[in-house]
Amino acid sequence: MNKRNRRDISGGAGNGGIRKSDFQSMSSGKAKIWEEEQDAGGGGGVDELLAVLGYKVKCSEMNDVADKLEQLEMVMGAAPNLLCDTVHYNPSDLSGWLQSMLSELNNPPNTLNYRMLQSHHIDDPLHVRAESSSVTTNPQQQQFETTQSARIYDDDSEYDLRAIPGSAAYPQTQDGELNRKRLKTSGGSNSAPPLLPSSSPIVGVAAAGTVSEPTRSIVLVDSHETGVQLVHTLMACAEAVQQDNLKLADALVKRVELLAASQAGAMGKVATYFAEALARRIYKIYPQDCLDASSSDILQMHFYETCPYLKFAHFTANQAILEAFATASKVHVIDFGLKQGMQWPALIQALALRPGGPPAFRLTGIGPPQADNMDALQQVGWKLAQLAEAIGVEFQFRGFVANSLADIDPSMVDVRPDEAVAVNSVFELHPMLARPGAIDKVLSSIKSMKPKIFTIVEQEANHNGPFFVERFNEALHYYSSLFDSLEGSGLVPPTQDLLMSEVYLGEQICNVVASDGADRVERHETLTQWRARMGMAGFEPVHLGSNAFRQASMLLALFAGGNGYRVEENNGCLMLGWHTRPLIATSAWQLIVSDSP
Amino acid sequence: MAASNEVNLNESKMVVPLNTWVLISNFKLAYNLLRRPDGTFDRHLAEFLDRKVPANTKPVLGVFSFDVIIDRSTSLLSRIYRSADGEQPQLNIADLEKPVTAEVVPVIIFFHGGSFAHSSANSAIYDTLCRRLVAICKVVVVSVNYRRAPENRYPCAYDDGWAALNWVNSSSWLQSKDSKVHIYLAGDSSGGNIVHHVALRAVESGIEVLGNILLNPMFGGQERTESEKRLDGKYFVTIQDRDWYWRAFLPEGEDRDHPACNPFGPKGNFLEGIKFPKSLVVVASLDLIQDRQLAYVKGLEKAGQKVKLLYLEQATIGFYLLPNNNHFYTVMDEISNFVGSDC
């Protein structure tokens, strides 16, 4: 094996005719780049040049990585199709990625083990407590569907149970790629739900923590449309507000409203919302609790229908939950924000189709108090129970009303020792950052629930910086991209869903810009920031892999109007964005296993 | 068979630094997983594996970037890279398209490589390369996220390049003091091929391109050349994979003498008498398609066009992806001179 010192570029097989002295004569700019990009660390450090390209490889393991590449090369040369069903994880960890392929080649995945579950058991209806309610179904004989098509349930409620196909429901795609996969019957990514190959490293080790510098990423529509003047005026207004120059701010906000009125498209709409929020701040008309919970839920439903962000959130979180549940016979999902329960029909369907039969499924749904005292949680629980019964999944539901997640006492949640627990939070963690100590309390509660997996979906943005102008500018760029993507769905004339979606986002804008203190709940933070927080709280990542990525991408092609949506893999997490700007991120976590090798 | 494989692996390992070998071998492995024998491409896995980076309006080592959607109907996006003049910690949206201030600012329209099928403008390898171009050569770079094969065959990539050229040409903030945009086209691998064809269209429509920079450009032909046979499989690339990519890019039923692939071949056009931009063509001596690249240079010379050949001994494909070898700096120097002398 020919070990080469990276610095020795004149040795070996020739140096292209450049003399060493030429380096001295290079301009300082070039030499500077050379120095800054050379790896400073010796054996312990990561190769800096590869790191910049997205690959984390320790200098000390470079040779080992090269060996693995050679081994794989040999095998692939001899039998190119061996790895075509592999599920890949975290390609940035080059060594890990290569090793997982090598392991798979050495230990091919088992063919499916069909476990026959115990005969059904009947749950006693739970005692109804004052602040919680529960729903139980008693399915008759265990029946599970073996068809591969989606079941569509007629339901005159607002549910659209077709909204997310369970992983079993594969629609026809344009390209032939899916057909090819369908022919395989091994437990790869195309059968539902996916069983893990025995050697697949679903549990990833925490990535070498490189907390990167925050970036500000901007996607501009062609400048003819951007309304640069509009943006400039908005930012100047925000500056004036920060400097408490309210007279100037007032003049500027009026100017923005004028400009926005004549600005076509997404930019005009975004500007209007931001202007309104600025006006509230200037005139100190602080919004009360903007909306009651049920109105807020309705707005979110419209948002759900119009664009794929929530569907992606539910889909990717469900994928991680399914994989974590694997072959568990009793599972318990704790949903931090039940709302209309849109995430769960697909999971229930997927569980029903699990080879070996579905587990007993308990769902604990948490929600805020409702203005009209109707037990909204109970209603959602009932709908889900009906679905579960229809497809033969044993189901129990309990709802909890809580003003804040920090008020939840883990003992109330009734986690049982023999069940696999998943905690799920879609956009519910960032509000905890509004009150000191709340997030720590919540994370601590979650830990005591001993979840097998904790799925988090959050907006990919930093709207929680200490300075108003900085927050304002970040939010302006973020919501501009978001509105642009709504525009891209091409709904003309705009449907009610689209308009309500804009209102939904407008509420968030209002909160970010016009509120402060405990009222400012839209405290979005980036994946990088959440990673740091989760690490400190004692969690480690569970990686989402190429199967989840693939299915999410295919889902996007089905449901999304505009073709600007992009799924991106980021160190084991998945992000959905508009063109090159990630907008939401799904990550999955587990408690740090103290005795891991 | 195994024995000769071993020889091949060892040979390529001897001519590049280890981390370069790891990088390019990693791509080779990944790309093998993506190409299917029936000509289809696993796009989802490709996007999953590709390492991407966001644009960043916060200057890093003096360079900032942002993305622009040039054409909504095709979702054509480009990433713009500029030098941050002054010490502004972060640029606002209004600053992004602020007019360039120097007397003459070369604008390089860059087409990333990937054999028409792989990578994107926001792929880490190309984002990094473009940043280095700005820092070293003192240019503005517009990196075009053109549509890729096999989903989008010829001429989509060229159409996108053409759209980008028009956009750059009509962007007043990119004009030098003489109220003209000083445009250069650059690209590696398939990007180099795109450079040639976009330059052709520019000539036909009267948009002035000041120069073409082709880095290991991707050309081919029906006949097997000597270098292809000699170097097949030795330095990361095989004839088989080259054939696959041409089949994926060219119109169905066309062979490799199609002018897109073989511009000066039996079905090609010679460029005598037309005002084609001057060209800088970089050829790596261990690139198996070098005979085609050298033939391209000859074709330009025969047509009386100005061309400089930079033939790099012991260079493989992808040498410019890491600044850990002489060739990288040689090429950067040459590009600097090329765009610096507006003649």
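Lettering of chains follows the sequences in order, A, B, ..., and the numbering in each one begins at 1.
Taking every heavy atom of both residues into account, B:Ala124 and A:Gly54 meet most closely at CB-N, 4.4 Å.
Only the side chain of B:Leu77 has a heavy atom closer than 4.5 Å to any heavy atom of chain A. For a residue to count as touching a neighbouring chain, one of its non-hydrogen atoms must lie under 4.5 Å from one of that chain's; by this rule B:Ala30 touches chain A with backbone and side chain alike. B:Leu96 touches chain A through its side chain: at least one heavy atom from C-beta onward sits under 4.5 Å away, while N, CA, C and O do not.
Among B:Leu33, B:Asn26, B:Leu23, the residue with the largest count of heavy-atom pairs under 4.5 Å with chain A is B:Asn26. Across A:Leu94, A:Val65, A:Leu98, the residue that shares the most heavy-atom pairs under 4.5 angstrom with chain B is A:Leu94.
Between B:Leu45 and A:Arg550, the closest side-chain pair of non-hydrogen atoms falls below 4.5 Å. In this structure the side chain of B:Leu29 reaches within 4.5 angstrom of the side chain of A:Met101, judged on heavy atoms. Counting only heavy atoms from C-beta outward, the side chains of A:Ser546 and B:His44 never approach each other to under 4.5 Å. Side-chain atoms of A:Asp484 and B:Arg72, non-hydrogen and from C-beta on, do get closer than 4.5 Å to each other.
Residues passing the side-chain contact (heavy atoms from CB on, under 4.5 Å) test with A:Ala552 are A:Phe312, A:Phe315, A:Thr316, A:Val567, sequence neighbours excluded. Residues meeting the side chain to side chain donor-acceptor pair (under 3.5 Å) test with B:Thr20, sequence neighbours left out: B:Asn324.
For the residue pair A:Thr580 and B:Asn122, no side-chain donor N or O sits within less than 3.5 Å of a side-chain acceptor on the partner.
Between B:Lys52 and A:Glu569 no salt bridge is recorded (no basic side-chain N to carboxylate O distance below 4.0 Å). Note on B:Lys28 versus A:Glu73: salt bridge recorded, some NZ/NE/NH1/NH2 to OD/OE distance being below 4.0 Å. In summary, B:Asp67 and A:Arg581 do not engage in a salt bridge, as defined by a charged side-chain N under 4.0 Å from a carboxylate O.
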Task: Verdict with reasoning, B:Val22 to A:Tyr55, per side-chain contact (heavy atoms from CB on, under 4.5 Å) - done: CA-CA 10 Å; B:Val22 163; A:Tyr55 297 102; over 6 Å; no
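Relative ring orientation between A:His88 and B:Phe48 is described as tilted, the plane-to-plane angle lying within the 30° to 60° band.
In this structure, CG on B:Leu34 lies 12.0 Å from SG on A:Cys84, to the nearest 0.5 angstrom. Once rounded to the nearest 0.5 Å, the distance linking CZ of A:Arg566 with OG of B:Ser75 reads 6.0 Å. Here A:Glu48 contributes atom CD and B:Leu322 contributes atom CG; the two are 12.5 Å apart, rounded to the nearest 0.5 Å. Between the CG atom in A:Leu49 and the CG atom in B:Asn19 there is a gap of 5.5 Å [rounded to 0.5 Å].
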